[in-house]
Protein chains: 4
Amino acid sequence: MARTIGSHGPKTMEAIRKAGLKLIYEHGFEAMSLRQLASEVGIQVGSLYNHITTKEDLLYDLIKVHMDELFRQFAEIRAETDHLEPVERLKAFIAFHVTYHILRKREVFIGYSELRSLEPNHYEEIVALRRQYERHLIQILREGESLGLFRFGDASVAAYGILTMLTGVCTWFRPHGRLTKEQVIATYSDMVLTGLAPQNR
Amino acid sequence: MARTIGSHGPKTMEAIRKAGLKLIYEHGFEAMSLRQLASEVGIQVGSLYNHITTKEDLLYDLIKVHMDELFRQFAEIRAETDHLEPVERLKAFIAFHVTYHILRKREVFIGYSELRSLEPNHYEEIVALRRQYERHLIQILREGESLGLFRFGDASVAAYGILTMLTGVCTWFRPHGRLTKEQVIATYSDMVLTGLAPQNR
Amino acid sequence: MARTIGSHGPKTMEAIRKAGLKLIYEHGFEAMSLRQLASEVGIQVGSLYNHITTKEDLLYDLIKVHMDELFRQFAEIRAETDHLEPVERLKAFIAFHVTYHILRKREVFIGYSELRSLEPNHYEEIVALRRQYERHLIQILREGESLGLFRFGDASVAAYGILTMLTGVCTWFRPHGRLTKEQVIATYSDMVLTGLAPQNR
Amino acid sequence: MARTIGSHGPKTMEAIRKAGLKLIYEHGFEAMSLRQLASEVGIQVGSLYNHITTKEDLLYDLIKVHMDELFRQFAEIRAETDHLEPVERLKAFIAFHVTYHILRKREVFIGYSELRSLEPNHYEEIVALRRQYERHLIQILREGESLGLFRFGDASVAAYGILTMLTGVCTWFRPHGRLTKEQVIATYSDMVLTGLAPQNR
DNA sequence: TATGAATGAGTGTTCATTCAT
DNA sequence: TATGAATGAACACTCATTCAT
């Protein structure tokens, strides 16, 4: 009763994206063959080309959709917290970032590790989106600094450090492991906010 | 009439390792072909096999040598700082880790991103070495906590967070860029130590 | 713009088997390259893999089909001669064996000489089939012996000797040579039956 | 205390021939690599070329030496039996042929199965020697026929049949198996002589 | 839209052979 | 004579992609 062989209609593309996500996450983009992918979907390799244009295009699509979704959800968070002070906005950012990266660990992982397999145009586009996302955090840090709420050597270095630390969660977090998502958020939120606090140099 | 071009003798292996490091860093292990590698070294592709046993073995060799060197240098640091209190040992760890990861950014990057291309035995060995390295940091954190010097939610989460943040430096640091290595170390050292400080919850 | 040269569809597999039979017979399995084979068929080497799984699998297929055909034809002979006495059944066996080995000399030759290139499982299967075939001859000899029609030192040795002699015909017989197939059968039939006759020790 | 690594002096060639015989018998000439051979001998692959000129030449040498030895021993037998009548000479031939083929099963096997890997000149030479050997048997048969001692359809067919049967012994005979060499000789000698006997048509 | 058969370039690896040391 | 490093061609096999059906 397993996967329907010879899947039809508009569901096929969704099956391809799902299988592609899984295989690229597990083996890497270069190491995944379209034969594997077709086999996972339950169609012949030639049939893939009724749904994708090239292998690279599938990768771009997966990453682009993920970035769009990241921005869409982030826009909601910002709308809700725009009027708050930097400390609260930073807390909200941390909670959002960790949550998203735990729930979408495969998309996120691919979005970092397989960037170099993108064509130049696609690569530039995704990197630009990532930069834009990073600037939102830098902006929060700078506002907090100018209000005397945060203190750090360099805003970019601090932001990269924070982002790297938070993103790293998707490489080791296990859904039903020793710690809950909330505990991880609390630990990091506390560490980051304390680490930026001005009073104790 | 053979051998008119290319390097000879014991130097060849060193050239292969150097070129392999460069190409794997730039294109990824899967995407690097042995023809590229041989061409970079200036020998025929078959000649590679006078020096390596398999492509995977070259990868393992590069990572293993890097891990051994990491441990060798780290042992020196520990010998120098073993008698100091946790705060000083943490500072020394941060300075060492960042320095090493800036100087050996390619080895470090490969050591993380290409692990999945290792054979199971090699994979296990390298992951075990990495765990051992991580435990040293966890140990410092735990000692500091028991002396009331540090405070954090969970030692492993904190250690992973710190390590990820520090390691991330090798993805964006540029040797002659806006910031010196010392500035980066100072920023992170300050952020980490402040973030772990107990007085301001 | 693809596929301008070479054969299509279900005929290709038959062309591969035919060319494979010829090339393996002429050069040996190890010495035949898939490039030769593809060239003989008129397709690209990669296209072979739309029809075969491995080179060894082609060899196994050729030998297995030949063994199956041998058994199929032999079953007919047995059905026709089952009710006869051993002398007549031995004559029928000799005539059948020589005829088949002359008509299928290439399959037969490969079926002996290339066995060692088969994977262990395939090797065991083919050897078991051959043993089964041999036992039919041994059975005829034993029945004849118990009726006092044949006499020999050891049934297996006699059977192997007879089979080897008869099989050898495929290494030197030339279809339009000095002797007809019937003459060869007569010579061997006479020699074997006389050789087994009890009256003249 | 195994094989001396870096074997020296005139013994090396003998070690190469011995190892070559074993490996070609086990894997076939095409399937044996000079790396395997060198490893078996305990030297480096390049060193082989101080003793052989090409891989094919080693094969030719093994077969030629075997054929020369066959002729040398056969000459002795003929000297001893030249004055006897055909029946006795045939018995001597059978005993000699079976004995030699049992003791030198590997040389004999290679001498048949790897002929096609010889260069044309070498191939012709060996085949000519084999024809010469066969003619001795044909001569015995013809003499016996003209004396009314033997009867057969065609001398060549009979000789090929007898030779094939006797030679086949080297594919299934096991030195310490169910039957002794003498039993095999007796069985075949009886079968052949009876099979050629004129009295019972 | 799915299939199956094709392309042609590419993969890691092995080969027999050469030769300076 | 032995070594180790080289050559260049070859190996079986896989790849992403195309396209008539």
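When reading the values below, keep in mind they use all heavy atoms of this one structure, side chains included, and skip hydrogens, waters and symmetry mates. No experiment lies behind these values; they were computed from the predicted model shown. By convention in this document, chain letters (A, B, ...) are assigned in the order of the sequence lines, proteins followed by strands, and residues within each chain are numbered from 1.
Taking atom CE of residue C:Met13 and atom C1' of nucleotide E:dA6, one finds them 16 Å apart after rounding to whole Å. Rounding to whole angstrom units, CG of residue D:Leu48 and C1' of E:dA16 are separated by 10 Å. The nearest whole Å value for the distance from the NZ atom in B:Lys55 to the P atom in E:dG10 is 15 Å. Separating the CD atom of C:Gln36 from the C1' atom of F:dA12 is a distance of 13 Å, rounded to the nearest angstrom. Residue B:Ile16 contributes atom CD1, which lies 14 Å from atom P of E:dG12 at whole-angstrom precision. Between A:Leu23 atom CG and F:dC15 atom P the separation is 12 Å, expressed in whole Å. If you measure from atom CD of A:Glu56 to atom P of F:dC15, you get 19 Å, rounded to the nearest angstrom.
Taking for each of B:Glu30 and C:Ser47 the nucleotide of DNA chain E with the nearest heavy atom, the 5'-most of the two is the partner of C:Ser47. The nearest heavy atom of DNA chain E to D:Ile52 and to A:Gly46 marks one nucleotide each, and the one closer to the 5' end goes with A:Gly46.
Taking 4.0 angstrom as the limit, A:Thr12 places a side-chain polar atom (N or O) nearer than this to OP1 or OP2 of E:dA2. One finds no side-chain N or O of C:Gln44 lying less than 4.0 angstrom from the OP1 or OP2 phosphate oxygen of E:dA6.
Comparing atom distances between the A:Thr54 side chain and each of F:dA9, F:dT14, F:dT17 picks out F:dT17 as nearest. Listed candidates were E:dT18, F:dC13, F:dT7. Nearest to the side chain of B:Ile43 is F:dT7. The side chain of A:Tyr49 lies closest to F:dA16 when the candidates are F:dA16, E:dG12, F:dT14. Comparing E:dA6, F:dC13, E:dG8 by their closest approach to the side chain of C:His51 singles out E:dA6. With F:dT14, F:dA2, E:dT14 as the choices, the nucleotide that has an atom nearest any side-chain atom of D:Asn50 turns out to be F:dA2.
As judged by a 4.0 angstrom heavy-atom cut-off over every strand, B:Ser33 is placed among residues touching the sugar-phosphate backbone only.
Using a 4.0 Å cut-off between charged nitrogen and carboxylate oxygen, B:Asp68 and B:Lys64 count as a salt-bridge pair.
Pairing for F:dC13 is with E:dG10, a Watson-Crick or G-U wobble pair whose two hydrogen-bonding atom distances lie under 3.5 Å. In this structure, F:dT3 and E:dA20 make a Watson-Crick or G-U wobble pair, each of the two defining distances being under 3.5 angstrom.
Rounded to the nearest 0.5 Å, atoms CD1 (B:Ile52) and CG (B:Leu59) are 10.5 Å apart. Annotation: the span from A:Glu114 atom CD to A:Ile24 atom CD1 amounts to 7.0 Å, rounded to 0.5 Å. Remark: B:His27 NE2 to B:Gln36 CD distance equals 5.5 Å, nearest 0.5 Å.
Taking the six-membered ring where the residue is Trp, B:Tyr25 and B:Phe109 present perpendicular rings, their angle passing 60° and hence far from 30°.
You won't find any donor-acceptor pair under 3.5 Å spanning the side chain of C:Arg35 and the base of F:dA10, going by distance alone.
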